[in-house]
Peer 1: 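Pasting in a structure now, in structure tokens, and then I'll have a few things to ask.
All chains are named by letter (A, B, ...) in the order of the sequence lines, taking the proteins before the strands, and each is independently numbered beginning at 1. Keep in mind that what you see is a predicted model, and the values were worked out from it rather than measured.
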Amino acid sequence: MKKYEHNKIEKKWQKVWQKSKIYKTDIKKDKPKCYVLDMFPYPSGSGLHVGHPKGYIATDVYSRYKRMNGFNILHPMGWDAFGLPAEEYAIKNKMHPSIAVNKNIKTYKEQLSKIGFNYDWEREINTTDPKYFKWTQWIFLQMFKKGLAYESFEPINWCPTCQTGLANEDLEDGKCERCSSVIEKKPMRQWVLKITDYADRLLKDLDELNWPESIKESQRNWIGRSEGSLIKFPVLNSQFTIEVFTTRADTLFGATYVVIAPEHPLVLSLKEKISNWDDVMKYITATKNKSEIERTSEGKEKTGVQLKGIKAKNPVNGDELPVFIGDYVLAHYGTGAIMAVPAHDDRDFDFAKKHNLPIKQVIEPENLVVNKRGNLLEKAFTGEGVLINSQNFDGMRSKEVKLAITEKFGNKKVTYKIRDWVFSRQRYWGEPIPIIHCEKCGAVPVPEKDLPVKLPNVKSYAPTGTGESPLSAITKWVNVKCPNCKGPAKRETNTMPQWAGSSWYHLRYIDSKNQKELVDKNKDKYWSPVDMYVGGTEHATRHLIYARFWHKFLFDIEAINYSEPYKQLKNQGLILGSDGRKMSKRWGNVINPDDVVAQYGADTLRVYEMFMGPFENMISWSTESMIGSRRFLEKIWRMQEKASTKQSPEQIEKLLHKTVKKVTEDIESFSFNTAISAMMIFLNEVEKNTHINKKDLSIFLKILSPFAPHITEEMWNTNNKTKKSIHISDWPKYDPSKITEEFSNIAIQINGKVRDILKIATGSKEEEIREKALELESVKKWLVGKDIKKILYIKDKILSIVI
RNA sequence: GCCCGAGUGGCGGAACUGGUAUACGCGCACGACUUAAAAUCGUGUCUCGCAAGGGAUGUGGGUUCGAUUCCCACCUCGGGCACCA
């Protein structure tokens, strides 16, 4: 027999598949569809390491399996290629970013093709291709027309290193997610998308999605819905009121002061009445100069200044409360003002202690024995309970009081933590925002017929640092006529963030060459939503929220048919270096898939990555362990020697049906590791026997083929007369009658401990088993001098004797 | 601080709905083949014990004839949110 030469086999079949186009997206009308999608990569300069393809292997297995089960498969791939890394590479090497991007894409594509994926490359997309980003810009224009894209002048997050504004989602602990610089607040004009309009739907529709619970939970946290009340505190001797947001209306009687954010407009309005204006101004300026991280990390010490001369009236009892500004109150959340109840809120408690303000208890824990009340001199009691010191509400419970007080003194209000999406970047390598600024007409959308607005060539891609994009220096490009009044006007020079192109790419694959629409609605109806989406957890609160937002918007303007893009989501766990650290050049622990493929074969790499452990687990790479997968394939190869026209021995036939069942179920549930272990068990059984029937071998090859497409195709081809590829053959069905065993091993337990195993015909009567069990020496000796209290029987499994 | 998820051999891990814990693979040890090595094949491999038997699924308790699985408390690790009223 020939040796197993993976190099020859893999190259040969990859060529054949490409030529015969067996992976081309099929659209036979009578078949069901399955859209299997990978999170498309950002083609960086360093190429792939073995961790990257893990998710791609899983979708490859899954889509091959589904194809063999009679589905039309859409399984495409593309490139998310706008963004800072390419731009920085270009600045350093003085070349246009698109040249760098094309070079990197070529490398990636070569690396991927060696692994033998079944992508339909005819649908390849690239977010930096004008034919693609024409539609990204088009979507922006639709949002603009609906008032969902607007200009804002609020201070935003500014990264001093990347020299661009950033969205909230781009920060990590107050630092830039990319470069870890401390983020500054910078007041500047920016484009913002009104994602907050969709907050409620983004939250509610999560319930319907078949996604990992942890991702849904992350999104819920990020959206941060909370139900509370708005309550107005009139400012004494003025026409102003301070409106506060609280989730604890039941503690209203315990309010002893009011705090408003330093940025709150009311502060200026009250200027005339404030006797210590200089101190107040000083505090406001100091706050402005602090970064977010400084504001929250100074030991969380609560600072603030009283607005002397101002009093606010508590609507429930007429108490006249002092008013402070303090930066522990956030301007952008709720109303930017709070009523402070130091007895029942930790933060208010700290502030009250520091400024010597009264602490008034109004809630008593419900059960004093269980919930021993803390000493209010040391700690706030933040739980709910029974009211005291609250006039006619005394004795009532928190829950009912919340409702009653809100009804009487305020209004219900829902707030969210999520904030509108800061959408402009002051960098070169992104989609230009298709807006023209005219002195007379204001912000005017570029007419749709003029899309795409392409990027001009510039001498320097480097950011200007002034808050203007490098595009602003290209006067030829910037100066245009207003589409409205034909007067002189200027182009918007900010570009879109990295996340724009990936927010709708799943739709473009469906109809990647359409010049008239972003997607044909009928095609969308057939292929959407994505049935299986696979990628890393790091996208939980960015890409996966943005894409849902855009998708819902496109649904609302009736451009598409469904309101959620990704029906089912799976996360792959990271592959770490063999030292347990993240694979990185820095640690020198990077394994290149090219090397693994050359030395051990693509099939070995694929089987190993699926066998390593549960798909979502983070596991260290081990070349030593991988050799086990190579051995497995070599043994499979040698199985050909045992192939015969004789019928397989009975135990092989039986085990084959069991294995088909197991592998089928495991692929459906993404339990690839146990699917492979079941095939290993089958292989071990064949090795114990003299022969295996050729047809049975073919069945086995079929269930292995999604994992190891090359070796199975080769063996299929030599053992069958057909020219048809194994990958478009039918998935085998198992016969349930062949799975049942003739004999069962029944564990005989005494008080829960196994004392013997009884081999007996499956389906035997309990009586018979009981009799036989009680005759066993190993059982008898435990029963001497004991009474049997009870005997339990679990069919074909256990006989439990209780003494 | 709040909210999720997870802790099983030397290692990756398996165990259906509460029913024989440690499948499968790696590693290791011994043996066969070989002048030798590699490769391959075979046997063994949680732990204490000569054995009968006992003990082990992060720790401590509980429910049950029976718990890796269910309940309570705690510890450790991973992730999300975090001065969000």
Side-chain angles (χ1 to χ4, degrees), chain A residues 173 212-226 228-229 244-248 251 259 292 295-298 300-303 326-330 332-341 344-348 350-351 382 415-419 537-538 540-541 571 573 607-608 611-614 616-629 631-632 634-635 638 662 665 671 673-684 687 745-758 778 781 789-803:
Chain A
D173 283 325
E213 206 41 53
S214 60
I215 299 284
K216 291 209 244 181
E217 203 54 36
S218 293
Q219 293 210 348
R220 288 189 189 109
N221 283 338
W222 188 258
I223 295 165
R225 184 179 199 271
S226 93
S229 327
V244 306
F245 173 73
T246 179
T247 54
R248 293 300 301 271
T251 63
V259 190
E292 195 85 355
R295 256 175 93 157
T296 54
S297 70
E298 285 168 358
K300 295 204 173 169
E301 195 170 322
K302 309 281 174 293
T303 60
D327 67 4
Y328 83 96
V329 174
L330 306 173
H332 53 76
Y333 186 76
T335 59
I338 60 154
M339 61 172 204
V341 185
H344 304 294
D345 182 279
D346 291 326
R347 296 150 299 180
D348 298 344
D350 290 349
F351 191 85
T382 57
T415 58
Y416 300 91
K417 284 191 211 168
I418 193 171
R419 299 181 48 198
T537 52
E538 68 274 17
T541 55
N571 292 126
V607 168
Y608 174 57
F611 182 62
M612 284 176 97
E616 63 282 1
N617 278 20
M618 204 192 270
I619 300 168
S620 295
W621 177 266
S622 158
T623 302
E624 209 174 47
S625 286
M626 186 187 62
I627 289 170
S629 300
R631 274 186 207 144
F632 168 64
E634 271 167 8
K635 289 179 189 174
R638 272 184 253 128
K662 176 82 178 144
E665 289 166 356
S671 309
N673 56 329
T674 48
I676 292 169
S677 110
M679 290 188 278
M680 287 173 169
I681 291 169
F682 178 77
L683 171 78
N684 291 344
E687 291 204 319
N745 289 318
I746 294 179
I748 311 300
Q749 294 187 344
I750 295 172
N751 283 358
K753 281 202 195 306
V754 180
R755 296 302 177 187
D756 211 335
I757 304 285
L758 188 66
S778 51
K781 75 177 185 199
K789 283 189 194 153
K790 217 193 317 183
I791 296 182
L792 292 110
Y793 175 62
I794 312 296
K795 195 168 179 290
D796 297 330
K797 270 187 184 158
I798 279 167
L799 186 80
S800 184
I801 303 168
V802 186
I803 55 172

Peer 1: Reading nucleotides 38-50 of chain B 5' to 3', which nucleotides get B (base under 4.0 Å from a protein heavy atom), which S (sugar-phosphate only), which -?
Peer 2: --SS---------
Peer 1: OP1 or OP2 of B/A85 less than 4.0 angstrom from a side-chain nitrogen or oxygen of A/S226, does that happen here?
Peer 2: yes
Peer 1: Can you give me the N/O atom pairs linking the protein to nucleotides 2-11 of chain B at distances under 3.5 Å, or say none if there are none?
Peer 2:
| from | atom 1 | to | atom 2 | distance (Å) |
| --- | --- | --- | --- | --- |
| B/C3 | O2' | A/E217 | OE2 | 3.0 |

Peer 1: What pairs of nitrogen or oxygen atoms, one from the protein and one from nucleotides 62-69 of chain B, lie under 3.5 Å apart?
Peer 2:
| from | atom 1 | to | atom 2 | distance (Å) |
| --- | --- | --- | --- | --- |
| B/C65 | O2 | A/S800 | OG | 2.7 |

Peer 1: A/E624 side chain: which of B/C26, B/A23, B/G53 is closest?
Peer 2: B/C26
Peer 1: Rounded to whole angstrom, note down the C1' distance from B/G66 over to B/G18.
Peer 2: 8 Å
Peer 1: Where the side chain of A/R755 is defined as all heavy atoms beyond and including C-beta, which of B/G54, B/A52, B/C83 is the nearest nucleotide?
Peer 2: B/G54
Peer 1: At their closest point, which heavy atom of A/T541 faces which heavy atom of A/S218, and how far apart are they?
Peer 2: CG2-O, 3.8 Å
Peer 1: Under the side chain to side chain donor-acceptor pair (under 3.5 Å) rule, collect the residues that match up with A/E687, sequence neighbours excluded.
Peer 2: none
Peer 1: With sequence neighbours excluded, what pairs up with A/E665 under the side chain to side chain donor-acceptor pair (under 3.5 Å) test?
Peer 2: A/K661
Peer 1: Taking any heavy-atom pair under 4.0 Å as a contact, classify A/G628: base, sugar-phosphate, or nothing.
Peer 2: sugar-phosphate
Peer 1: What is the base-pairing partner of B/U20, counting Watson-Crick and G-U wobble geometry with both distances under 3.5 Å?
Peer 2: none
Peer 1: Pick the P atom in B/C72 and in B/G5, then give their distance to the nearest Å.
Peer 2: 13 Å
Peer 1: For A/K662, check side chain to side chain donor-acceptor pair (under 3.5 Å) against everything at least two apart and list the hits.
Peer 2: A/D666
Peer 1: Take atom CG of A/D173 as the centre, draw a 6.0 Å sphere, and report whether it contains more than 12 heavy atoms from other residues, nucleotides or ligands.
Peer 2: no
Peer 1: For atom P, what is the distance between B/U64 and B/C16, given to the nearest Å?
Peer 2: 24 Å
Peer 1: Over how many whole Å does the gap from A/F611 atom CZ to B/G25 atom P extend?
Peer 2: 7 Å
Peer 1: Given atom CD1 of A/I676 and atom C1' of B/A23, what is their separation to the nearest angstrom?
Peer 2: 15 Å
Peer 1: On RNA chain B, compare the nucleotides closest to A/S629 and A/Y416; which residue's is nearer the 5' end?
Peer 2: A/S629
Peer 1: Does a nitrogen or oxygen in the side chain of A/Y333 sit under 4.0 Å from OP1 or OP2 of B/A85?
Peer 2: yes
Peer 1: Could you tell me which residues satisfy ring-ring contact (aromatic ring centres under 6.0 Å, His included) with A/Y416, sequence neighbours excluded, listed by chain and number?
Peer 2: none
Peer 1: Given B/G25, B/G53, B/A85, identify the nucleotide with an atom nearest to the side chain of A/M680.
Peer 2: B/G25
Peer 1: With a cut-off of 3.5 Å and sequence neighbours excluded, list every side-chain donor-acceptor pair involving residues 792-799 of chain A.
Peer 2:
| from | atom 1 | to | atom 2 | distance (Å) |
| --- | --- | --- | --- | --- |
| A/Y793 | OH | A/D796 | N | 3.0 |
| A/D796 | OD1 | A/G763 | N | 3.0 |

Peer 1: Distance check, C1' atoms only: B/A39 and B/A32, in whole angstrom units.
Peer 2: 14 Å
Peer 1: With rounding to whole Å, what would you report as the distance between B/G13 and B/G7 at their C1' atoms?
Peer 2: 13 Å
Peer 1: Pairs under 3.5 angstrom only: tabulate donor-acceptor contacts from the side chains of residues 747-755 of chain A to other protein residues two or more places apart or in another chain.
Peer 2:
| from | atom 1 | to | atom 2 | distance (Å) |
| --- | --- | --- | --- | --- |
| A/N751 | OD1 | A/I803 | N | 3.0 |

Peer 1: At under 4.0 Å between heavy atoms, what does A/V329 touch on the DNA or RNA strands: base, sugar-phosphate, or nothing?
Peer 2: base
Peer 1: Quick one: look up who B/C2 pairs with, Watson-Crick or G-U, both distances under 3.5 Å, and put none if it's unpaired.
Peer 2: B/G80
Peer 1: Return the pairing partner of B/C46 with a 3.5 Å limit on both distances, Watson-Crick or G-U wobble; otherwise return none.
Peer 2: B/G55
Peer 1: Which atom names give the shortest non-hydrogen contact between A/V607 and A/F632, and what distance separates them?
Peer 2: CG1-CD2, 4.2 Å
Peer 1: Show the distances under 3.5 angstrom between N or O atoms of the protein and N or O atoms of nucleotides 13-15 of chain B.
Peer 2:
| from | atom 1 | to | atom 2 | distance (Å) |
| --- | --- | --- | --- | --- |
| B/G13 | OP1 | A/N617 | ND2 | 3.0 |
| B/A14 | OP1 | A/N673 | ND2 | 3.2 |

Peer 1: Going by purine N1 to pyrimidine N3 plus the second Watson-Crick contact, or the G-U wobble pair, all under 3.5 Å, which nucleotide sits opposite B/A39?
Peer 2: none
Peer 1: Do you know the tightest heavy-atom contact between A/A340 and A/D348?
Peer 2: CA-OD2, 3.3 Å
Peer 1: Tell me: CG of A/D348 to C1' of B/G1, nearest whole Å?
Peer 2: 16 Å
Peer 1: Using side chain to side chain contact (heavy atoms under 4.5 Å, CB included) as the criterion, list what pairs up with A/E538, not counting sequence neighbours.
Peer 2: none
Peer 1: Tell me: CG of A/N571 to P of B/G78, nearest whole Å?
Peer 2: 18 Å
Peer 1: Specify the residue among A/D173 and A/K781 whose closest nucleotide of RNA chain B lies further upstream toward the 5′ end.
Peer 2: A/K781
Peer 1: So which atom in A/T415 and which in A/G334 form the shortest heavy-atom distance, rounded to 0.1 Å?
Peer 2: CG2-CA, 4.0 Å
Peer 1: Looking only at side-chain atoms of A/K797, point me to the closest of B/G19, B/G80, B/U20.
Peer 2: B/G19
Peer 1: Would B/G42 be called syn or anti, given that syn covers angles within 90° of 0?
Peer 2: anti
Peer 1: What is the pairing partner of B/G7, taking Watson-Crick or G-U wobble pairs with both distances under 3.5 Å in any strand?
Peer 2: B/C75
Peer 1: Specify whether A/Y333 and A/F245 have parallel, tilted or perpendicular ring planes, treating 30° as the upper limit for parallel and 60° as the lower limit for perpendicular.
Peer 2: perpendicular
Peer 1: Please report the distance separating the P of B/U63 from the corresponding atom of B/C46, rounded so that it comes out in whole Å.
Peer 2: 33 Å
Peer 1: Determine the Euclidean distance between corresponding P atoms of B/C74 and B/C4; express it in Å to zero decimal places.
Peer 2: 14 Å
Peer 1: Rounding to the closest angstrom, what is the interatomic distance between B/G53 and B/U43 at atom P?
Peer 2: 26 Å
Peer 1: As a quick check of understanding, evaluate side-chain contact (heavy atoms from CB on, under 4.5 Å) for A/M339 and A/T251, giving each step before the final call.
Peer 2: CA-CA 10 Å; A/M339 61 172 204; A/T251 63; 3.6 Å; yes
Peer 1: Identify whether any heavy atom of A/I681 sits under 4.0 Å from a base atom; if not, whether one sits that close to sugar-phosphate; answer base, sugar-phosphate or nothing.
Peer 2: sugar-phosphate
Peer 1: Please find the pair of heavy atoms, one from A/P614 and one from A/I619, that lie closest to each other, and give the distance.
Peer 2: O-CD1, 4.4 Å
Peer 1: Please list, chain by chain and in numerical order, all residues satisfying ring-ring contact (aromatic ring centres under 6.0 Å, His included) with A/Y608, sequence neighbours excluded.
Peer 2: A/W621
Peer 1: What nucleic acid atoms does A/D346 come within less than 4.0 Å of, heavy atoms only: base, sugar-phosphate, or nothing?
Peer 2: nothing
Peer 1: When you measure from the side chain of A/S622 to the backbone N and O of A/S625, does any donor-acceptor pair fall under 3.5 Å?
Peer 2: yes
Peer 1: By nearest atom, which of the nucleotides B/A85, B/A52, B/C81 is closest to the A/I338 side chain?
Peer 2: B/A85
